[in-house]
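Encoded as structure tokens, the structure appears first; notes follow it.
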Amino acid sequence: MNEQLSEKSGNLTAAIASLEGGLIVSCQAPPDSPLAEPSIIAAIALASVRNGAVGVRIDTPAHVQAVRDRLGATIPIIGLWKQSIPGSEVYITPQFHHAEAIAASGADIIAIDATDRTRPHDETLSNLIAAIHTRLGKPVMADVDTLESAIAAANFGADIIGTTLYGYTRATQDSIPPGFDLLAEIRKTIQGFLICEGGISSPEMAKRALNLGANAVVVGTDITGIDLKVQAYQKHLNLSD
């Protein structure tokens with residue numbers, strides 16, 4: 001039994017270590033987009049990996065499963081499940097059963113909202129992280145918005161801290177991603193694996209994140225967000241001079 005636990009721990013560490021210094025591509029699409037088909041998301045993920053991405057970040061069990069089938073077992077998948085639940089502002093993998101479904105679909109790492117906002121049905125962040133570790137045997141990526149939430153998540157045992165929710169919560173609603181200042185603060189305070197995610201829109205910005213102490217960088221919209229990118233171009237073209 002101890003040998004099995006040691007082997008599992010080694011595999012988890014290897015999955016995270018393989019992300020070091022690299023680009024992780026968030027392959028997602030709005031639910032009403034024609035891109036939001038499992039086979040299309042899987043093709044985008046494969047294209048990303050073939051061109052050098054060290055991992056992908058994928059939403060929903062169906063998309064995680066399709067990407068896992070397409071990529072095979074060697075490329076790390078950070079999986080999540082966005083859910084809007086009445087009475088809670090937490091929407092990234094809010095409850096254990098969402099994490100369980102993502103894990104069963106083939107995710108290597110489970111991403112969760114790790115802000116201090118109230119979770120649905122009185123679940124707690126500490127219990128969720130512990131359950132993902134003990135019941136699913138998966139590492140946790142804690143998506144945070146502030147230094148305080150990063151410290152709390154690290155103390156609860158999160159394996160990865162990500163700046164994902166900076167600018168997307170009430171506490172940070174006046175801030176615009178990327179959270180470079182937050183990234184630097186977290187690095188000064190926490191020695192664990194740190195990912196910069198949110199608002200990265202150029203290779204230069206991604207490199208800056210690494211220089212500030214990020215272990216890896218997640219890029220989404222600037223690479224895979226066709227819907228939002230076209231909307232932005234169209235809006236600008238329609239502006240009056």
Side-chain angles (χ1 to χ4, degrees), residues 16-30 33 35 41 44-59 75-80 82 92 109 111 113-115 141-151 153-154 158-169 171-237 239:
I16 296 173
S18 68
L19 302 174
E20 180 67 44
L23 170 67
I24 301 161
V25 178
S26 181
C27 306
Q28 300 181 43
S33 170
L35 298 176
I41 294 296
I44 294 172
L46 180 59
S48 299
V49 169
R50 283 186 175 179
N51 286 283
V54 297
V56 291
R57 183 169 159 120
I58 309 294
D59 176 32
I75 301 299
I77 296 176
I78 301 173
L80 62 141
K82 294 178 180 177
I92 296 178
I109 300 164
D113 181 310
T115 65
M141 176 174 174
D143 293 342
V144 306
D145 60 338
T146 65
L147 176 61
E148 291 72 22
S149 62
I151 293 172
D159 306 274
I160 299 171
I161 303 295
T163 59
T164 316
L165 291 172
Y166 175 85
Y168 297 99
T169 63
T172 61
Q173 61 185 351
D174 295 326
S175 303
I176 300 175
F180 287 140
D181 290 343
L182 174 60
L183 178 71
E185 289 178 350
I186 294 174
R187 178 44 75 216
K188 290 178 182 178
T189 309
I190 299 171
Q191 297 305 309
F193 201 93
L194 178 58
I195 290 179
C196 184
E197 178 174 7
I200 300 294
S201 58
S202 71
E204 291 76 19
M205 292 174 73
K207 183 62 175 178
R208 182 182 176 189
L210 294 181
N211 290 340
L212 287 171
N215 297 94
V217 179
V218 171
V219 179
T221 299
D222 197 59
I223 295 176
T224 63
I226 295 177
D227 301 88
L228 293 176
K229 296 291 283 187
V230 172
Q231 290 172 21
Y233 272 93
Q234 191 62 27
K235 181 178 179 180
H236 190 76
L237 291 175
L239 289 176

To the closest 0.5 Å, what do you measure between SG (Cys27) and CD1 (Ile41)? 6.5 Å
Applying salt bridge (charged side-chain N to carboxylate O under 4.0 Å, His left out) as the test, list every pair that has at least one member in residues 201-224; sequence neighbours left out. Asp222-Lys229
Check: Glu197 main-chain N/O paired with Thr163 side-chain donor or acceptor under 3.5 Å: yes
Got a sec, which residues hit side chain to side chain donor-acceptor pair (under 3.5 Å) with Asp143, two or more places apart in sequence or on another chain? Arg57, Thr164
Heavy atoms only: give me the nearest Asn215-Glu20 pair and the separation to one decimal. ND2-OE1, 3.2 Å
List for me each residue that meets side chain to side chain donor-acceptor pair (under 3.5 Å) alongside Ser149, sequence neighbours excluded, and say none if there are none. Asp145, Thr146
Please find the pair of heavy atoms, one from Thr189 and one from Glu185, that lie closest to each other, and give the distance. OG1-O, 2.9 Å
Any idea which heavy atoms bring Pro177 and Tyr166 closest together, and the distance? CG-O, 3.2 Å
What's the shortest heavy-atom distance between Ile75 and Gly55, and which atoms? CG2-CA, 4.0 Å
To the nearest 0.5 Å, how far apart are CG in Leu183 and CG in Leu194? 5.0 Å
Output all residues satisfying side chain to side chain donor-acceptor pair (under 3.5 Å) with Ser201, sequence neighbours left out; order by chain, then residue number. none
Straight-line distance of Leu35 CG to Gln28 CD, nearest 0.5 Å: 12.5 Å
Decide if atom CD1 of Ile226 counts as having more than 12 heavy atoms of other residues, nucleotides or ligands within a radius under 6.0 Å. no
Between the CD1 atom in Ile195 and the CD1 atom in Ile160, the distance rounded to the nearest 0.5 Å is 4.5 Å
Taking atom CG of Leu228 and atom OG of Ser33, what is their separation to the nearest 0.5 Å? 9.0 Å
For a 4.5 angstrom cut-off between non-hydrogen side-chain atoms, does Ile161 reach Ile186? yes
Closest non-hydrogen contact found for Ile78 with Ala111 is CG2-CB, 3.8 Å
Side chain to side chain, Ile190 and Ile151, heavy atoms closer than 4.5 Å: yes
Checking Asp113 now: which residues fulfil salt bridge (Lys or Arg N to Asp or Glu O under 4.0 Å) with it, not counting sequence neighbours? Arg117
Minimal heavy-atom distance between Leu165 and Thr172, with the atoms involved, is O-OG1, 3.7 Å
Under the side chain to side chain donor-acceptor pair (under 3.5 Å) test, residues paired with Gln191 that sit two or more places apart: none
Using side-chain heavy atoms (C-beta onward) and a distance below 4.5 Å, is Ile24 in contact with Leu19? yes
Go through the steps for Ile109 and Asp159 under the test side-chain contact (heavy atoms from CB on, under 4.5 Å), then give the verdict. CA-CA 9 Å; Ile109 300 164; Asp159 306 274; over 6 Å; no
